[in-house]
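Before I ask anything, here is the structure I am working with.
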Amino acid sequence: MLKVLFVAAEAAPFAKTGGLGDVIGSLPKELKKQGVDARVILPNYKDIPEKYKQQMVFKTKFSVQVGWRQKYCGILEFVYDGITFYFIDNEHYFKRHGFYGYDDDAERFGFFCRAVLESLNKIDFIPNVIHCHDWHAGMVSVLYDAHYRHLPEYEEIKTLFTIHNLRYQGIFPKEILHDILSLDWKYFQHDGVEFNNAVNFMKGGLAYSDMISTVSRTYAQEIQDPYFGEQLDGFLRKRKNDLVGIVNGIDYDIYDPAKDNKICTHYDVHSTAAKAQNKVALQKQLGLTVNADVPMIAIVSRLVGPKGMELLERIFVDMLKHMSNDNQNAQIVILGTGEARYENFFRYVAWQYPGRVSANILFDDTLARQIYASADMFLMPSLYEPCGIGQLIAMRYGCVPIVRQIGGLQDTVQAYNQETGIGNGFTFPHYNAHEMSDTIMRALLMYHNKEEWNKIVINAMNSDYSWEHSAKDYQEIYKKMIG
Ligand code: GLC
């Protein structure tokens with residue numbers, strides 16, 4: 001049986017700030033269903049909900065070398081939904097609020113990466129493949145090369161590194177190379193972890209892993225270009241033969257409008273009209289004007305510039321005015337947190353347009369699902385998007401995506417074509433506020449053509465973004481690596 005260990009800083013439902021957590025919380029489940037022994041290892045953060053902590057079982061403890069020091073490391077185990085999760089325990093590093101963003105993150109995640117490798121023979125799980133995700137796990141393959149490759153039990157292990165977001169690389173002063181990672185200076189070179197005279201965790205993952213993947217085919221191409229490459233495009237071009245794009249899926253058991261007990265009325269592809277009942281319930285709940293015929297546009301996102309909030313800020317009020325003139329009194333529902341600037345902006349417009357705009361500056365999974373089930377359109381105008389999860393959930397709930405044609409959005413949303421009846425959403429090519437608002441207006445016009453609109457809703461719901469295909473693609477890479 002193929003054995004794979006996922007290494008990541010997030011995994012839903014234990015620790016999640018974004019799409020990374022969703023992926024680590026769901027892909028192993030599908031792999032398991034397909035016969036792979038997939039397990040997950042992550043830090044034992046303070047913020048993991050108490051109800052899970054209580055069920056964790058102490059497995060073993062040992063010490064981990066961090067530079068010249070030896071640090072305590074405990075391993076806790078919890079089998080959740082059929083998947084074995086291991087938690088790396090060290091109170092000094094992880095008993096703090098939040099997951100990352102601390103001054104000593106190099107040491108925290110340097111320790112984490114080393115602890116993962118150190119744990120394998122102690123938890124009695126020597127995987128065929130260690131599958132590392134994003135910069136926090138970047139040093140696993142480097143440390144493997146330096147300190148573990150020669151061990152007989154470890155010598156067959158292969159490493160795969162997945163990029164979820166190239167923008168966050170984990171860059172730290174070069175001194176950590178020796179003081180924290182106990183690495184020889186030979187690793188500090190162009191083809192190694194060196195990046196502008198500093199140590200780059202992500203680059204380490206890219207340089208020393210056997211294979212590299214990212215979360216959509218288009219993003220795999222884009223990051224080889226300087227515009228999206230975050231200064232690593234040249235390096236990625238060098239490794240392009242080892243770089244593949246596999247689109248993310250979502251957990252179809254959890255996200256299912258026919259079963260989701262968090263939404264008001266269940267429906268499926270044959271009963272899409274029931275979305276209107278969800279809409280009315282949500283309108284009441286959020287204090288919007290109650291009217292099932294008014295188109296509702298949802299924005300469920302981190303409220304930060306590159307998610308397209310800068311475009312919205314520029315054109316939002318004009319758009320609302322324009323919609324009123326055209327008698328397209330669409331309602332807009334926002335859910336998310338992020339930069340104070342955008343949080344305040346949406347609060348302000350919601351105050352200015354009561355009944356039409358609802359700004360929910362928080363994150364709440366139940367409300368998110370109610371929004372997906374109620375809204376007619378889902379807006380995601382990202383500057384760049386490695387994959388994007390929101391549009392996938394939206395489609396599953398028959399909420400038609402309006403997206404920029406970029407990265408994973410391009411790979412998952414196809415513009416609706418009235419001639420052929422093919423397509424599951426609306427798209428626009430440039431990162432431009434007017435192009436975005438024109439596209440929204442086109443969607444609103446189409447909305448009033450009930451027959452056409454329903455076709456798009458059904459096409460969206462019929463688009464299959466479960467993990468089934470993508471998990472098979474991952475299996476292929478695993479198998480190719482282990483030969
Ligand atoms: C990151 C990316 C997002 C992707 C997610 C999971 O959050 O920004 O596009 O869907 O990772 O891979």
Side-chain angles (χ1 to χ4, degrees), residues 6-13 15-31 40 42 99-101 131-138 160-170 201-202 205 212-223 228-230 232 243-251 254-255 299-309 336-339 363 368 372 378-396 401 403-413 427 431 463 465-467 469-471 473-474 477:
F6 278 62
V7 185
E10 296 185 26
K16 168 182 147 174
T17 65
L20 171 66
D22 288 314
V23 171
I24 310 303
S26 55
L27 171 58
K29 229 171 103 181
E30 178 63 32
L31 284 167
V40 183
L42 73 155
F99 309 132
Y100 29 86
H131 188 169
C132 300
H133 299 263
D134 269 359
W135 74 261
H136 321 91
L160 168 64
F161 184 81
T162 296
I163 304 166
H164 293 261
N165 191 338
L166 192 62
R167 182 160 289 188
Y168 305 104
Q169 299 177 1
F201 271 47
M202 177 156 299
I212 304 167
S213 77
T214 186
V215 289
S216 69
R217 260 194 221 191
T218 296
Y219 193 60
Q221 290 305 316
E222 286 171 345
I223 55 178
F228 294 99
E230 305 286 347
L232 288 174
L243 168 64
V244 293
I246 299 179
V247 73
N248 287 333
I250 53 171
D251 188 328
I254 294 181
Y255 297 112
I299 298 165
V300 179
S301 175
R302 271 189 302 126
L303 306 180
V304 295
K307 288 285 179 190
M309 295 306 132
T337 59
E339 289 170 42
F363 194 78
Y372 288 117
F378 183 79
L379 181 61
M380 199 157 168
S382 310
L383 173 63
Y384 71 98
E385 197 60 73
C387 178
I389 302 282
Q391 85 280 16
L392 305 181
I393 307 175
M395 286 191 272
R396 175 81 166 145
V403 303
R404 179 156 178 247
Q405 247 168 293
I406 199 86
L409 297 174
Q410 166 156 318
D411 294 358
T412 55
V413 181
T427 67
Y431 194 62
S463 315
Y465 290 109
S466 66
W467 271 113
H469 299 290
S470 297
D473 291 344
Y474 276 112
I477 309 191

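Counting convention: from 1, in listed order, for ligands and their atoms alike. Worth knowing before you read on, the calculation uses all heavy atoms, side chains too, and leaves out hydrogens, waters and symmetry mates.
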Residue, atom name and distance, where the atom is the protein heavy atom closest to atom 1 (C) of ligand 1: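 Going by distance alone, atom 1 (C) of ligand 1 is nearest to H164 O, 3.3 Å.
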For N165, atoms of ligand 1 separated by under 4.0 Å from a heavy atom: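 Heavy-atom distances to N165 below 4.0 Å select 8 (O).
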Side chain, backbone, both or neither: the part of V23 lying under 4.0 Å from ligand 1 by heavy atom: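 It is the side chain that touches ligand 1; the backbone stays farther off.
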Ligand-side contact atoms (ligand 1) for residue partner E385, heavy atom cut-off under 4.0 Å: 3 (C), 8 (O), 9 (O)
Donor-acceptor pair between E10 and T17 side chains, under 3.5 angstrom: yes
Test of proximity, C387 against ligand 1: N or O pairs below 3.5 Å: yes
E222 side chain to G407 backbone, donor-acceptor under 3.5 Å: yes
Close-contact set for ligand 1 against V215 heavy atoms, below 4.0 Å: 12 (O)
N248 and ligand 1 - part of the residue with a heavy-atom distance under 4.0 Å: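 The answer is the side chain of N248.
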Flag side-chain contact, heavy atom, 4.5 Å: I477 against I246: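 When only atoms from C-beta onward are counted, I246 and I477 do touch, with a gap below 4.5 Å.
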Shortest protein heavy-atom distance from atom 7 (O) of ligand 1, along with the residue and atom involved: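 Closest protein heavy atom to atom 7 (O) of ligand 1: G19 N, 3.9 Å.
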Derivation and outcome, side chain to side chain donor-acceptor pair (under 3.5 Å), residues Q410 and T427: CA-CA 8 Å; Q410 166 156 318; T427 67; over 6 Å; no
Between Y465 and N248, a side-chain donor and acceptor under 3.5 Å: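 No - no donor-acceptor pair under 3.5 Å links their side chains.
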Identity of the nearest option to atom 10 (O) of ligand 1, non-hydrogen atoms only, from G388, G407, G18: G388
Evaluation steps, ring-ring contact (aromatic ring centres under 6.0 Å, His included), between Y100 and H136: CA-CA 9 Å; Y100 29 86; H136 321 91; 4.3 Å; yes
R302 side-chain N/O to G338 backbone N/O, donor-acceptor pair under 3.5 Å: no
